[in-house]
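Both backbone and side-chain heavy atoms feed into the values below; hydrogens, waters and symmetry mates do not.
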Amino acid sequence: AAEAELKRRSARARVAIEAERDAVLRRLKLSLQHQGLPLEAVDAQLSAERAHYAALLGALQGVKVTLDAVCAFIVNR
């Protein structure tokens with residue numbers, strides 16, 4: 001059950017991260033162009049942002065469920 005929930009949450013997180021990435025890249029490009037930066041500088045900043053979001057998505061793929069402790073009950077009769 002925990003792994004299924006993790007998959008659902010990861011899928012929702014991926015969609016949210018990708019939507020945020022796309023919006024940030026659009027705003028950043030418009031902002032930097034408006035400021036008059038050279039195309040090379042705009043591309044460099046956009047590449048850095050893409051790398052950041054790629055790292056986030058990569059980390060999300062590595063998320064897994066593990067038990068950090070096991071509990072046992074002993075019943076004495």
Side-chain angles (χ1 to χ4, degrees):
E3 288 184 12
E5 180 63 24
L6 178 63
K7 284 183 183 181
R8 283 191 297 275
R9 288 179 185 238
S10 292
R12 286 194 309 259
R14 172 174 292 286
V15 169
I17 290 169
E18 289 172 344
E20 178 184 308
R21 176 200 60 205
D22 295 344
V24 165
L25 291 174
R26 276 192 306 272
R27 286 192 308 268
L28 181 61
K29 183 177 181 180
L30 290 171
S31 175
L32 295 175
Q33 287 175 338
H34 178 72
Q35 294 174 36
L37 266 67
L39 183 59
E40 297 82 23
V42 172
D43 288 340
Q45 289 297 317
L46 292 174
S47 292
E49 281 298 311
R50 284 187 194 100
H52 168 72
Y53 281 100
L56 284 176
L57 292 171
L60 183 61
Q61 285 180 340
V63 172
K64 60 183 177 177
V65 175
T66 58
L67 295 176
D68 64 350
V70 175
C71 297
F73 293 94
I74 300 174
V75 177
N76 291 326
R77 294 181 188 200

For this session: Of all the heavy-atom pairs spanning S10 and L60, show the shortest one and how long it is.
Result: O-CD2, 3.5 Å
Seminar exercise, completed: Separation between CG (L57) and NE2 (H52), nearest 0.5 Å, reads 9.5 Å
Exercise. Can a salt bridge be assigned to the pair E18 and R14 using a cut-off of 4.0 Å between side-chain N and carboxylate O?
Worked result: yes
Exercise. What residue among H34, Q35, K29, Q33 forms side chain to side chain donor-acceptor pair (under 3.5 Å) with S31?
Worked result: Q35
Seminar exercise, completed: Distance col, row L56:CG vs R21:CZ, nearest 0.5 angstrom, shows 10.5 Å
Problem set entry | Transitive ILVMFWY side-chain link L46 to L30, under 4.5 Å | no
Problem set entry | Heavy-atom closest pair, residues L25 and E49 | CD2-CB, 3.6 Å
Problem set entry | Those residues that, when tested against E5, pass side-chain hydrogen bond (donor to acceptor under 3.5 Å, both in side chains) (two or more places apart) | R8, R9
